[in-house]
Each structure stands twice: as structure tokens, then as C-alpha cells.
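Note sheet for the following structure.
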2 protein chains.
Amino acid sequence: MEPAVAVGKILVVDDEADILEIISYNLKSAGYETVTAKDGLEAIQKAKIFRPDLIMLDIMMPNKNGIDTCRELRRLPEFKDTMVLFLTALNDEKSEIEGLNMGADDYIAKPIKPRLLVSRINALFRRLNKSEEQQIQLGDLIIDREKFTVTYKGDEIILAKKEFELLQLLASKPGRVFLRNEILNQVWGTEVIVGDRTIDVHIRKIRQKLGVDLITTVKGVGYKFEL
Amino acid sequence: MEPAVAVGKILVVDDEADILEIISYNLKSAGYETVTAKDGLEAIQKAKIFRPDLIMLDIMMPNKNGIDTCRELRRLPEFKDTMVLFLTALNDEKSEIEGLNMGADDYIAKPIKPRLLVSRINALFRRLNKSEEQQIQLGDLIIDREKFTVTYKGDEIILAKKEFELLQLLASKPGRVFLRNEILNQVWGTEVIVGDRTIDVHIRKIRQKLGVDLITTVKGVGYKFEL
DNA sequence: TTAAACACCCAAATTATGTTGATGGAACCA
DNA sequence: TGGTTCCATCAACATAATTTGGGTGTTTAA
């Protein structure tokens, strides 16, 4: 199952054209956007333009080897957080440790096994995406679960806990109607028993605070979030 | 050079006592806090109490193998984001791909090379929370983990141990809300039981000493650091 | 038209947080 | 070792905010 859109941008650096092609082909098949460079100098240039999420560096290359290239990239603030993966024919423990300690995220020995390479890269990106902020964006409304904030057209809106949870629930599936019972179960839990009015009041407060009516009442059924 | 506070919590799971000991010893020397388990069932139990950042799973074990254990952990919401590393004597491409595709963050073949293992784990943690950085700088505030000092606009502020740890935790992910429970687990540990007011008191002391309110209360939820 | 469903406001109940001072224990220093 | 200071915690109270349920008026759909 391939992702529909590019999952990330990768700069592949190696002095052997064959290898660049094989890697590039496989990464593209896996949904990544790739750019290639044939040595360290070219890599730094292209990185500045392409802004990759991950840079794959061969260690032995003319015009600045992989280690030096990595060191130089790490010095530049814009590449401080860029992931780096070393790719090398040197398969000894010492250089692997050195590479990782330099701040690389992975170290893969040649010969390249394309499917394995893709799996490892997927693992790196999976982690990267998880660590990024989890937010729901719906039109002008942004709900940030981590920060526990809601922004509407750039203005932060302070919601109370229950209000936040309720809005989050409705916004999790825009357009879908949530029955009153569903809302009670999800937001208040099965143990707590509260009256029907309680939901109304919270809905009202959300509408009040947002200033716009993004929550539609479906009479006799429940509520839904709509843009 | 040992970090002043543990850089991360690791649960090591293997059925061979020797291996547990070797790994545990090396991780502790590198500054990690470790707990061990001898099979999958024990791993899940201990994970629930210990709340590790990373779980190292041997694949072949009695009482639920590593793959199944990982699958089960991933199903539990509290371990969705926990890092998993497979450790195995199986050194073939197919099972490595399978392991990584299951959501593992790394896959390391036995025999174990301790220094390499530590480097790989450091690489994972580096990405996770940049906790290796000795300094956190946020606006006018500088937190130096090594010197155990906090500076605000150039003035040094003397914080007590718990205050420092609490501030450091909140500042490690600015903007992100930390639940009271998370704070208790991270700063006080799982064994100690302290009252709710204790957190408030420390928060208050930090606010007092800083002179500015960089810590925002999210009622009913927790606290967050904000510039 | 007429119930049912809903919105709105209010005030009470409940819960969360902030503050202060007291206590015991650890660390420090002479 | 004895005294001193600092620290972490707690208890009790103060304050603030959230949540709830009831009363009342309005809208809606049949």
C-alpha cells in the first residue's frame, strides 16, 4: 500500500551513478521525493535548495567525504534537525559507532538491499512524523491535542477541558453526526451519568467562544461539525 | 561522562540472563535507567508500571515472543509511541524487514556489540527528545543540564533539585501540555506517591524564582511551558 | 397547533488550583 | 558532633474556575 502523496524528501548522495539510480528508484516507488548528488560539495548546495528531511550520505566520495559533509551540515542551523543516514561499504563496528556518534540517525552497510533500505527509512520517517505536533486542521480552525489549544483564524481560544474534548470529538470526523449517547460515552465515559442538558450547555459554550457556528444541530439526533 | 539525570528509561527483554546483564550494565553506564524482563508476558506487565521510553525485545522467547509482544503493546494506547527495538539472532533480511514494518524503530542482530548498541540507542533517543543536548535555550531562559543552572536574561537563578527537574521537563517540549500524571512519573518516579498539591507548590516556587510566568496552567489537565 | 427538542441564563455544587505555614529530614559546615 | 540552612512535602484554608441541573422561553416538525 503506497502513500498517495510524497511522505518525505530525501537527498541521496553517492559517487556511483548506478547506486544513485537504484536507491532513487526504490525510494520513489515507496512514495518519497528524491534528489541526488554525486559528492559532498554538490550535496550541500542541493540540500540548501531542496530542504530534504533526510540526507543519505555515502562515506567514501571525492570532493568532501560523507563524514565531513555531515559535520559541515550539522554546523548549519537549518540542517541541525535534518536526519542523516550513512551508507557505506566499510562494514566495521568502529566506523559505525563513529558515524552514529556524529549525529547520524542510521548507518547502513553496502551492498544495498533495496527493500530493507526502504523499511529502515520508513521507520525513521514514521518516528519523525509521530514526534511532530498532532493537530487537526479544519478550515480556519486548528485543534492542537498536544498543546491543548484551539485557534480560529489565528486567535487562540481558551476552552475548558470538557469543551475541548467535546470539540475534538466532533471535529475528529467532520460532517458526521454524533448521537447524544455517543457523545456521553466518549466525553463523559460510561460510568458518569449526566443529564441531557449538560451537552447542550457545553455545545453552547463552544459556539459562544468560537464566535461562529461550526457545530450544527441535527434535531432529535445529535450534533455534527461542519465547515 | 555521565549525565546528571537519567537520559531515558529502557525495558530490556530477553530470556537469557547473561544477555540481560550485559545489556543492562552497558545501558546503565551510558546513563539510562533500565528494567529487565525475561519474557513477553513479564515485559507487558513491567512496561505498564515502568513506562519505558524504549523497549528492547528479543524475538525468540518463551511466553509470547518478541513479535507478538510488540503487536500487543502497539495495540495499547499508552505504548503507541513507545520506541521498540528488536534484538535477535535471526539475521536475515526478510525478518528484519518484517520487524521494521511492524513499527519497530531498529533491528539489531546478535551477537551484541555493546558499544555499537549504545550508539544506536543514543541515536534513537537523540531524535526522541534531544535530551543529550546539555543546554536548552528558550528565549531569555537558558537551562544548562550539565551545570545544573538556570539563567534568565543573564541572571543566574538558583533552583532546587525538584524545581530544576520539573522546569527541565516542561521546557523540554515547549508548548506541549504535561499531564499531572506525566509530571509525577517523570519527576517523582513511579514508586513515590505524593499529594497533588506538591506539584502546585513546586510550580509556584519556580514561577516565584523566575519572576515571570513562563508556565501556563491548563486547568483540569496539567501545565505547559510557554514563551 | 402542539409536543418535543432545543437554547439560554442562573446559581449551586463540585472540582481544581493557589497560598501559607509547619514539619521532618537531608545536606552542609564549622 | 551539633547547629544551621535548605528542601520536599503536606495539611488546611482561600480562591478560582468548571460543571451541572433547573427554570423558562423559543424553535421545529409533524
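Remember, it's a predicted structure, so these values are computed and weren't measured experimentally. Chain identifiers are assigned alphabetically (A, B, ...) following the order of the sequence lines, protein sequences preceding nucleic acid strands; residue numbering begins at 1 within each chain.
The structure places CD of A:Glu98 at 10.5 Å from CG of A:Leu100, a figure rounded to the nearest 0.5 Å. Distance CD1/B:Ile108 to CE/B:Met56: 6.0 Å, rounded to 0.5 Å. Here NZ of B:Lys224 is found 15.0 Å from NZ of B:Lys173. Values are rounded to the nearest 0.5 Å.
Along DNA chain C, read 5' to 3', the first and last nucleotides having any atom under 4.0 Å from a heavy atom of chain A are C:dA5 to C:dC9.
A:Tyr107 is listed as a side-chain neighbour of A:Ile59, based on a closest heavy-atom distance under 4.5 Å. Residues A:Val187 and A:Leu169 are in side-chain contact: their nearest non-hydrogen atoms beyond the backbone lie under 4.5 Å apart. Residues B:Lys110 and B:Asp14 have side chains in contact (heavy-atom distance under 4.5 Å, counting atoms from C-beta outward).
In this structure, B:Arg51 has no salt bridge (charged side-chain N to carboxylate O under 4.0 Å, His left out) partners at least two apart in sequence or on a different chain. Partners of B:Asp200 under the salt bridge (charged side-chain N to carboxylate O under 4.0 Å, His left out) rule, at least two apart in sequence or in another chain, are B:Arg180, B:Arg197.
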- Note on the structure: Under a 4.0 Å heavy-atom criterion, the protein footprint on nucleotides 11-21 of chain D, written with B, S and -, is -B---BSSBBS
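Residue pairs satisfying the ring-ring contact (aromatic ring centres under 6.0 Å, His included) criterion with at least one member in residues 162-205 of chain A, sequence neighbours excluded, are listed as follows: A:Phe148-A:Phe164, A:Trp188-A:His202.
Here B:Val187 lies out of heavy-atom contact (under 4.0 Å) with every strand. Within 4.0 Å (heavy atoms only), A:Phe164 reaches no atom of the nucleic acid at all.
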- Begin with the C-alpha distance, continue with both residues' side-chain angles, and end with the deciding distance and a verdict on side chain to side chain donor-acceptor pair (under 3.5 Å) for B:Asn101 and A:Ser119. CA-CA 6 Å; B:Asn101 287 354; A:Ser119 287; 3.0 Å; yes
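Across the protein-nucleic acid pair, B:Ile203 atom CD1 and D:dT9 atom P stand 13 Å apart, rounded to whole Å.
Axis deviation across the helix from C:dT1-D:dA30 to C:dA30-D:dT1 amounts to 40°, comparing end segments of five pairs, rounded to 10 degrees.
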